[in-house]
Every structure is written in C-alpha cells, then in structure tokens.
A.B. asks: 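Here's a structure for you.
Atom set for the values below is all heavy atoms of this structure, side chains included, hydrogens, waters and symmetry mates excluded.
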Amino acid sequence: QVQLVESGGGSVQAGGSLKLSCAASGVTYSSTFMGWFRQAPGKEREGVASIDRGGRTTYADSVKGRFAISQDNAKNTLYLQMNSLTPEDTAIYYCAAASGWIPYGYESLRPSRYGYWGQGTQVTVSS
C-alpha cells in the first residue's frame, strides 16, 4: 500500500522560507516520478515541481528560482525547499507519486498524471 506523508508546513512572513518533506512508503522510490502540487482556496490544484527517477526537475513558472525539489532515495523522502515566499504561495501543498510513465517537462506538472497523493500540508504566507 502506497503512503505519502507530508510535513513541514506552517505560517511564515513574506520573504521567508519553509522546507516541506514527503515520506514515501510502499513505493519503489527510485522508480517513481514524484511531484509537489498545491491548491489554494477556490482554485484548482496546480503543479509546483516534479522530479524524475534520474533527478531531472521541472518547475512551474511561478516558482522558478525560488523553489527547489529534491529527493533522498535512501530515506524514501521527497523535499521542497521554498524561499522568498509570497502571500500568493499560500495553499495546501500535496506530495504525489506516479508509477507509470510520465513525459519529462511541463506535462509532469499535470495532477492527472499522478495516482498516489498525500493528505497535504498547509502553507500560509502573510504580508
């Protein structure tokens, strides 16, 4: 059974940083395409960043240069380092995993490409 558990969310002032973690179990981590997504109130879920089995990364334009996705295969853990946060980054952040093939690039930021989801962690950025 696949389980994804996010942690590290919280409240921070604009300009601050947070690091999210996602502990994965039941997944052969190194063989899975992983991603971070977010959903703000009243908005659709959107892709933030993804990483493939080889470590190649893709970022949404809105977070390029501010966020960094990484993975520790030994610990079966996915990370999202978020810097220079703005109130527009306020959302519930979700970790997701896919067992099937996903094309590298912006297609890997589509939520419909992922079959496994965590419960989410709230990130609130105040101005």
A.B. asks: Just wondering, do Val48 and Tyr93 contact through their side chains at under 4.5 Å, heavy atoms?
C.D. replies: yes
A.B. asks: Pairs of donor and acceptor atoms involving the side chains of residues 100-107, under 3.5 Å and at least two apart or interchain, shall be tabulated with distances.
C.D. replies:
residue: Tyr104; atom: OH; partner: Thr57; partner atom: O; Å: 3.2
residue: Tyr106; atom: OH; partner: Asp61; partner atom: OD1; Å: 2.8
residue: Tyr106; atom: OH; partner: Lys64; partner atom: NZ; Å: 2.8
residue: Glu107; atom: OE1; partner: Arg110; partner atom: NE; Å: 3.2
residue: Glu107; atom: OE1; partner: Arg113; partner atom: NE; Å: 3.2
residue: Glu107; atom: OE1; partner: Arg113; partner atom: NH2; Å: 2.9
residue: Glu107; atom: OE2; partner: Arg110; partner atom: NE; Å: 2.6

A.B. asks: Hey, what do you get for OG (Ser70) to CD1 (Ile51), rounding to the nearest 0.5 Å?
C.D. replies: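 Atom-to-atom, Ser70:OG and Ile51:CD1 are 6.5 Å apart.
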A.B. asks: Would you please name every residue forming a ring-ring contact (aromatic ring centres under 6.0 Å, His included) with Phe37, sequence neighbours left out?
C.D. replies: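 Tyr114, Trp117.
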A.B. asks: Is there side-chain contact between Ile69 and Tyr59, with heavy atoms separated by less than 4.5 Å?
C.D. replies: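 Ile69 reaches Tyr59 side chain to side chain.
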A.B. asks: For the residue pair Glu46 and Arg38, establish whether any side-chain heavy-atom pair is separated by less than 4.5 Å.
C.D. replies: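 They are in contact (side-chain heavy atoms under 4.5 Å apart), so the answer is yes.
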A.B. asks: Using atom types as modelled, flag every donor-acceptor pair under 3.5 Å from a side chain in residues 7-26 to any protein atom, sequence neighbours excluded.
C.D. replies:
residue: Ser17; atom: OG; partner: Asn83; partner atom: OD1; Å: 2.9

A.B. asks: Are Tyr94 and Arg45 close enough that some pair of their side-chain heavy atoms sits under 4.5 Å apart?
C.D. replies: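 Yes - at least one pair of side-chain heavy atoms lies under 4.5 Å apart.
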A.B. asks: Within a strict 4.5 Å, meaning less than it, do heavy atoms of the Phe67 and Asp89 side chains meet?
C.D. replies: yes
A.B. asks: Do Val5 and Met34 belong to the same hydrophobic cluster, where Ile, Leu, Val, Met, Phe, Trp and Tyr are linked whenever their side-chain heavy atoms lie under 4.5 Å apart, directly or via other members?
C.D. replies: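 No, no single cluster joins them.
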A.B. asks: Without swapping roles, check the side chain of Arg66 against the backbone of Ser84 for a donor-acceptor pair under 3.5 Å.
C.D. replies: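 The answer is yes, because a donor-acceptor pair under 3.5 Å joins these two groups.
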A.B. asks: Let me confirm one number: the CZ-OG distance from Phe33 to Ser50, rounded to the nearest 0.5 Å.
C.D. replies: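 Separation between the atoms: 4.0 Å.
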A.B. asks: Can you tell if the side chain of Gln122 reaches within under 4.5 Å of the side chain of Thr124, non-hydrogen atoms only?
C.D. replies: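 Yes, at least one pair of side-chain atoms sits under 4.5 Å.
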A.B. asks: Mind checking whether Leu80 and Leu109 sit in one hydrophobic cluster, side chains of I, L, V, M, F, W, Y counted as touching below 4.5 Å?
C.D. replies: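 No, Leu80 and Leu109 fall in different hydrophobic clusters.
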A.B. asks: Would you check if the side chain of Thr90 reaches a backbone N or O of Val125 as a donor-acceptor pair within less than 3.5 Å?
C.D. replies: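 Checked: pair present.
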